[in-house]
Amino acid sequence: MASTSLLLGLLSLSFYAALASDNTWFQANDYFFSGRHMASNTSNAIGSKLTPVSVAQIPGLNTLGVSMVRIDYAPMDINPPHTHPRATEILIILEGSLEIGFVTSNPDNCLISKILQKSDVFVFPINLIHFQRNVGYGNAVAIAALNNQNPGVNTISNVVFGAKPDISTDVLAKAIQLDKNIVANIQSKI
Ligand SMILES: *[C@@H]1O[C@H](CO)[C@@H](O)[C@H](O)[C@H]1NC(C)=O
């Protein structure tokens, strides 16, 4: 009995030793990404650009519960209101100054907002709607870390007014108490 379990123990030890030395299991490039030093092109309707470093860019992040994003902002432009369904975000400003904010859930819907300068850090709690605006005259750059390898993004204007197919104009007109034509106009733009 004892010798059988000793034999099994030795067998499993050598099995794991063989695995541990099999470094083809681990490739440095699965844990590496280069290229986030470059400013991204912010010539678009909102004037900002997100360049993520999540599990899509670094396969080794799978299951590790962490990712990053670089955000570039043109002067006076925005990262529009959005949520991350699977992550809290902590953001540091590398260049420029940003007005940032998030809104607490119903019934308070309290706007928590602040003007941040270079090297300031701010936290956006998981799932709350948040935004940033570059309030400086030059470009702004921020880096954010998120506690999920695939944090997801729900941009509010896109999910509400840009659903495919559209959410019925009646529903949205009622929800935001606006004329149906105005709602249809917003839907056609997004
Ligand atoms: C940035 O994007 C715009 C719009 O797509 C394009 O016209 C412009 O050439 C791009 N600029 C650079 C430097 O790539």
Side-chain angles (χ1 to χ4, degrees), residues 27-61 66-103 113-124 127-167 169 172 176 178 181-190:
Q27 300 283 344
N29 281 345
D30 285 347
Y31 298 87
F32 169 79
F33 191 85
S34 181
R36 287 297 177 258
H37 60 293
M38 313 258 284
S40 295
N41 188 337
T42 54
S43 299
N44 55 53
I46 55 173
S48 72
K49 180 74 180 169
L50 273 79
T51 37
V53 185
S54 58
V55 73
Q57 288 76 32
I58 302 186
L61 279 180
V66 69
S67 60
M68 293 180 78
V69 62
R70 172 184 170 132
I71 314 162
D72 288 273
Y73 312 81
M76 297 311 293
D77 272 328
I78 64 158
N79 182 13
H82 63 282
T83 70
H84 302 292
R86 293 178 289 277
T88 285
E89 171 175 351
I90 184 165
L91 175 146
I92 183 165
I93 300 188
L94 299 187
E95 288 298 336
S97 34
L98 295 179
E99 173 193 357
I100 52 83
F102 70 81
V103 182
S113 98
K114 200 165 167 62
I115 306 280
L116 303 184
Q117 310 298 338
K118 182 172 176 169
S119 86
D120 289 347
V121 172
F122 201 85
V123 174
F124 303 106
N127 237 322
L128 294 186
I129 293 178
H130 60 281
F131 63 90
Q132 300 104 35
R133 173 162 59 163
N134 179 359
V135 290
Y137 294 106
N139 293 326
V141 183
I143 297 275
L146 301 109
N147 67 337
N148 190 290
Q149 66 276 2
N150 181 20
V153 182
N154 285 322
T155 302
I156 305 309
S157 49
N158 294 356
V159 297
V160 176
F161 295 103
K164 301 178 194 77
D166 280 339
I167 297 175
T169 304
L172 295 181
I176 59 176
L178 275 178
N181 294 326
I182 297 174
V183 171
N185 187 250
I186 300 171
Q187 286 176 308
S188 72
K189 285 190 172 132
I190 294 175

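Whatever order the structure lists them in is the order used to number ligands and atoms, beginning at 1.
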Participant: Quick test: of every protein heavy atom, which one is nearest to atom 12 (C) of ligand 1, and how far off is it to 0.1 Å?
Facilitator: N41 ND2, 3.3 Å

Participant: Quick check: closest heavy atoms across V135 and E99, and the distance to 0.1 Å?
Facilitator: CG1-CB, 3.8 Å

Participant: Does the protein place any heavy atom closer than 4.0 Å to atom 7 (O) of ligand 1?
Facilitator: no

Participant: Describe, in one word, how the ring planes of H130 and H84 are oriented to each other, choosing from parallel (under 30°), tilted (30 to 60°) and perpendicular (over 60°).
Facilitator: tilted

Participant: Indicate the atoms forming the closest heavy-atom contact of N127 with P85, along with that distance.
Facilitator: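 N127 and P85 have their closest heavy atoms at ND2-O, 3.7 Å.
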
Participant: In sequence, state the C-alpha distance, the side-chain angles, and the governing distance for I156 and I129, and then conclude on side-chain contact (heavy atoms from CB on, under 4.5 Å).
Facilitator: CA-CA 8 Å; I156 305 309; I129 293 178; 3.8 Å; yes

Participant: What protein heavy atom is closest to atom 5 (O) of ligand 1, reported as residue, atom name and distance in Å?
Facilitator: S43 O, 4.3 Å

